[in-house]
A.B. asks: 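Okay, handing you the structure first.
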Amino acid sequence: MRLILLGPPGAGKGTQAKLLVDKYNIPQLSTGDMLRGAVAAQTEVGKKAKAVMDAGKLVSDEIVNAIVSERLDGKDCANGFILDGFPRTLQQADSLAVMLKEKGIELDRVVELEVDDEALVERVSGRFTCGSCGEGYHDKFKQPEQKDICDRCGKSDFKRRPDDNAETMRTRLLTYYKETSPLLGYYYAKGELTAVNGMGDIDEIATEIQNVLNELTS
Ligand code: ADP
Ligand code: AMP
């Protein structure tokens, strides 16, 4: 299964990607996670990316395209992958098309998660993740079963993102509408886009995505 999850910040891409990882045993390729990893490791890329990410703007296409191209060559991507947060500009989408062609890979589907702006702000402001295993949580919508203990790995190492604040979220949303939303038309025109209502419960949305994917294989 080779998928792109497309949608604004907080739409639930990471949450749904993790469910698909478990189901299909393929990796989630989150450029946001990769860049946060580079920032934490203080690599050259991380040093360049940090201020841009803190401001809610986009890291350069050149940097992100190179990271993804290298990652797609990983052995774990042989049976598929879920791209989460990439592509985010038309230039990245064109580069991805070239990369996939060169690697002899075809995309199965681009799934768009449609979520209202108000819900996005609420989702992002309550988001936290397990720093050990990456499991995602929310203050209101997805709390750990036992307070302060990760359901998945049992550790107590929760983190909040510095860019998940109201001011940066405004910039991130504007950036999404300006730079990323044109990709909806791009993939629609290629006949690759399916929109899914992202306003329901996490499980309901997972079922809807699963229905879309089942149709591909039937
Ligand atoms: P994205 O990867 O698109 O930025 P996430 O998957 O990290 O978004 O989700 C953002 C926040 O919203 C997380 O705290 C997550 O637990 C929560 N969330 C995800 N899907 C839903 C949903 N359908 N309803 C309510 N909260 C959700
Ligand atoms: P995310 O985790 O997807 O919300 O991404 C967090 C931040 O990382 C974004 O606000 C951008 O600054 C940067 N980023 C992630 N993916 C990309 C991308 N494909 N292109 C440019 N910047 C990105």
Side-chain angles (χ1 to χ4, degrees), residues 4-21 28-40 45-46 48-69 71 82-96 111-116 118-130 134-144 150-152 158-165 167-176 178-180 183 196-209:
I4 296 176
L5 289 181
L6 202 58
K13 302 179 297 295
T15 303
Q16 296 300 329
K18 286 191 172 61
L19 298 173
L20 293 166
V21 164
Q28 169 195 9
L29 308 187
S30 157
T31 42
D33 284 349
M34 294 177 211
L35 289 166
R36 279 184 288 279
V39 170
V45 163
K48 282 189 196 146
K50 187 177 182 326
V52 181
M53 293 172 75
D54 285 346
K57 300 195 174 148
L58 292 183
V59 174
S60 77
D61 292 333
E62 195 192 355
I63 288 181
V64 182
N65 289 337
I67 295 179
V68 172
S69 179
R71 187 64 190 82
I82 305 147
L83 281 167
D84 158 12
F86 179 92
R88 245 173 161 108
T89 64
L90 286 170
Q91 203 279 347
Q92 290 178 18
D94 278 338
S95 292
L96 176 66
V111 174
E112 176 201 0
L113 292 175
E114 293 179 311
V115 178
D116 297 348
E118 217 173 291
L120 294 173
V121 174
E122 190 180 21
R123 286 187 191 179
V124 157
S125 38
R127 167 161 59 190
F128 59 101
T129 48
C130 172
E135 183 67 7
Y137 293 95
H138 192 279
D139 291 328
K140 184 166 156 194
F141 303 119
K142 191 183 165 212
Q143 294 166 338
C150 176
D151 297 345
R152 186 179 279 255
F158 293 115
K159 288 195 163 66
R160 289 183 193 259
R161 285 169 46 175
D163 58 343
D164 277 350
N165 61 72
E167 197 194 330
T168 309
M169 184 56 181
R170 267 195 295 279
T171 308
R172 288 159 67 198
L173 271 180
L174 273 177
T175 305
Y176 174 79
K178 200 168 150 198
E179 308 273 358
T180 309
L183 300 191
V196 163
N197 179 1
M199 288 297 293
D201 288 348
I202 292 172
D203 291 348
E204 282 169 9
I205 298 162
T207 304
E208 226 189 294
I209 294 176

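This is a predicted model, so every value here is computed, not measured. Atoms within each ligand, like the ligands themselves, are counted from 1 in listed order.
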A.B. asks: Under a 3.5 Å threshold, yes or no: a donor from one side chain and an acceptor from the other, between N197 and E114?
C.D. replies: no
A.B. asks: What I want to know is whether Q16 and ligand 1 share at least one N or O pair that is separated by under 3.5 angstrom.
C.D. replies: no
A.B. asks: Ion pair present between R160 and D164, side-chain N to carboxylate O less than 4.0 angstrom?
C.D. replies: no
A.B. asks: For ligand 2, note which part of R161 has a heavy atom under 4.0 Å away: side chain, backbone, both or neither.
C.D. replies: side chain
A.B. asks: Under 3.5 Å, N or O to N or O, is G10 touching ligand 1 that way?
C.D. replies: yes
A.B. asks: Find all atoms of ligand 1 within a distance of less than 4.0 Å from any non-hydrogen atom belonging to I205, and give their numbers and elements.
C.D. replies: 23 (N)
A.B. asks: Any salt bridge linking R172 with E179? Criterion: basic side-chain nitrogen under 4.0 Å from a carboxylate oxygen.
C.D. replies: no
A.B. asks: Check this for me - ligand 1, R127, N or O atoms closer than 3.5 angstrom, yes or no?
C.D. replies: yes
A.B. asks: For ligand 1, which atoms have a heavy atom of T15 less than 4.0 angstrom away?
C.D. replies: 5 (P), 6 (O), 9 (O), 15 (C), 19 (C)
A.B. asks: Which atoms of ligand 2 have any heavy atom of Q92 under 4.0 Å away?
C.D. replies: 18 (C), 19 (N), 20 (N), 21 (C)
A.B. asks: Of the choices K142, R123, M199, which has the non-hydrogen atom that lies closest to atom 11 (C) of ligand 1?
C.D. replies: R123
A.B. asks: For atom 14 (N) of ligand 2, what's the nearest protein heavy-atom neighbour? Residue, atom name and distance, please.
C.D. replies: L35 CD1, 3.4 Å
A.B. asks: Which atoms from ligand 2 have a heavy atom of K57 less than 4.0 Å away?
C.D. replies: 10 (O), 11 (C), 12 (O)
A.B. asks: Roughly how far apart are E208 CD and L113 CG, rounded to 0.5 Å?
C.D. replies: 9.5 Å
